[in-house]
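Below, all heavy atoms of this structure are taken into account, side chains as well, without hydrogens, waters or symmetry copies. Reminder, nothing fancy here: chain letters follow the sequence lines and each chain counts from 1. Please read these numbers as outputs of a predicted model, since none were measured by experiment.
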There are 2 protein chains.
Amino acid sequence: MVTTKNSRADVIAAAGRLFSQKGYHGTSMRDLGRELGLLGSSLYAHVDSKQDLLVEVVEAGGQLFQASADAAIQVEGSAEARLRALIDGHIEVVLENVDVARTFLNEARDLDHEHREKVLKARDAYESAFRAVIAEGRDDGSFRDDVDPKTAAIFILSILNAIERWYRPGGRLDRARLVDEVTAFVESGLT
Amino acid sequence: MVTTKNSRADVIAAAGRLFSQKGYHGTSMRDLGRELGLLGSSLYAHVDSKQDLLVEVVEAGGQLFQASADAAIQVEGSAEARLRALIDGHIEVVLENVDVARTFLNEARDLDHEHREKVLKARDAYESAFRAVIAEGRDDGSFRDDVDPKTAAIFILSILNAIERWYRPGGRLDRARLVDEVTAFVESGLT
DNA sequence: ATTAGACAAACGAACGTTCGTTCGTCTGTC
DNA sequence: GACAGACGAACGAACGTTCGTTTGTCTAAT
């Protein structure tokens with residue numbers, strides 16, 4: 001036996017890969033079948049619908065980010081240390097789950113209303129971890145006192161969310177240096 | 001006569017609107033016809049193909065950004081002043097041409113190879129204006145001397161390109177304050 | 001002033017293809 | 001012999017696009 005059987009998880013993983021590369025509407029069920037060495041129709045033994053696949057991938061992305069934030073805000077020490085943990089965690093999630101992260105960030109538009117709302121709430125919850133740490137650092141004097149946590153959180157997440165658009169592993173920056181560069185830029189933007 | 005005739009420019013403008021909202025593959029020629037009060041087939045009196053429309057919208061976006069950068073780098077005074085002009089110009093382009101800018105930033109993936117390459121070159125040329133100004137400011141001592149222009153340019157453009165994702169006119173930030181906030185964050189990140 | 005002709009804009013039917021999805025059947029494994 | 005995985009034919013709908021035709025407007029010749 002050369003090939004293993006495909007599981008539901010395999011299908012979802014392949015969907016994440018294709019959705020992130022060609023977009024939801026740019027990916028057909030037959031494309032996805034080909035990716036797994038199957039016919040498009042065979043996928044329906046594993047999932048109910050194409051939309052289902054998008055939901056699965058996007059929710060997986062949301063959970064990865066939230067888990068990362070939950071761990072980061074429990075870091076002991078200064079607000080600065082927690083902010084660094086948030087940045088580090090975000091970059092880890094993005095670099096180790098590019099496809100899922102990309103789909104979460106760029107393809108949520110094609111979710112049905114209900115799930116799209118859920119993603120918006122999840123993103124706001126995630127962003128609020130950044131806002132809270134920034135506010136904390138501002139109030140205890142580590143950051144400038146005219147820092148607006150809302151705006152600063154958006155700017156930091158803008159930098160983090162864009163990484164998937166330009167970062168290439170094996171390029172001039174390895175992951176550790178990437179984290180350093182982002183942290184340095186952000187922290188000097190806050191102090 | 002109640003309605004004016006539709007011109008090629010009207011079709012392209014409507015395409016920009018729909019592409020930016022629903023994506024290229026998420027927009028059908030019949031959708032686009034409906035937007036203009038036409039049948040899908042009638043659009044072919046104005047354009048050769050759907051791909052043509054994407055090319056037109058994306059190239060328009062590229063020209064807007066390049067024109068803005070060309071003007072900004074001619075500003076007299078410090079490198080800091082030119083950087084501020086670049087930021088100001090970028091935000092102006094985005095806010096006054098949301099649909100075109102969005103399509104330029106997010107839908108270039110669906111261009112044919114030739115035009116996609118062209119867009120990548122255009123983006124690099126635009127980014128190089130930022131790199132040059134940052135390098136200038138670092139060399140004359142206005143910015144920190146350990147600033148890496150490549151990375152800094154990417155971070156700044158990450159912030160600028162994300163604006164379209166969250167900024168809502170009429171919200172808590174008007175355009176002038178948005179420019180101030182970005183400039184302040186970026187400049188303190190560089191100094 | 002009237003008319004004929006040219007022209008662009010839009011229609012609406014139709015094309016071949018692809019889409020997401022269903023279903024009955026077959027194959028291999030526990 | 002139960003059961004999951006995959007097949008392959010088929011479905012109706014939607015896709016991008018073509019084409020012959022109709023409509024309305026502007027211009028030039030009468």
> Rounded to the nearest angstrom, tell me the gap between atom CG in B/L43 and atom P in C/dA8.
17 Å

> In whole angstrom, what separates B/D10's CG from C/dA9's P?
10 Å

> Calculate the interatomic distance between A/D48 atom CG and C/dC23 atom P; express it in whole Å.
13 Å

> Which residues pass the side chain to side chain donor-acceptor pair (under 3.5 Å) test with A/R138, not counting sequence neighbours?
none

> Does B/S41 reach a base, just sugar-phosphate, or nothing at all? Heavy atoms under 4.0 Å.
base

> Determine: side-chain N/O of A/H46 to OP1/OP2 of D/dA4, distance under 4.0 Å, yes or no.
no

> Using atom types as modelled, flag every donor-acceptor pair under 3.5 Å from a side chain in residues 59-74 of chain B to any protein atom, sequence neighbours excluded.
| unit_1 | atom_1 | unit_2 | atom_2 | d |
| --- | --- | --- | --- | --- |
| B/E59 | OE2 | B/K118 | NZ | 3.1 |
| B/Q66 | NE2 | B/D70 | OD1 | 3.1 |

> According to side chain to side chain donor-acceptor pair (under 3.5 Å), who are the partners of A/R116, at least two apart in sequence or on a separate chain?
none

> Sub-3.5 Å donor-acceptor pair from the side chain of B/Y24 to the main-chain atoms of B/R109, do we have one?
no

> Atom NZ of B/K50 to atom P of D/dA14: distance rounded to whole Å?
15 Å

> Take the protein atom CG of B/L39 and the nucleotide atom C1' of D/dT21, then report the distance between them rounded to whole Å.
14 Å

> Taking N and O atoms by type only, does the side chain of A/S42 place a donor or acceptor under 3.5 Å from a partner on the base of D/dG5?
no

> Give every residue pair that meets the side chain to side chain donor-acceptor pair (under 3.5 Å) criterion with at least one member in residues 37-50 of chain B, sequence neighbours excluded.
none

> Nearest-Å distance, OH (B/Y44) to C1' (D/dT21)?
19 Å

> Using a heavy-atom distance cut-off of less than 4.0 Å, which residues of residues 14-38 of chain B contact DNA chain C?
B/R30, B/G37, B/L38

> Holding to side chain to side chain donor-acceptor pair (under 3.5 Å), I want the full list of residues that pass it with B/R82, two or more places apart in sequence or in another chain.
B/E136

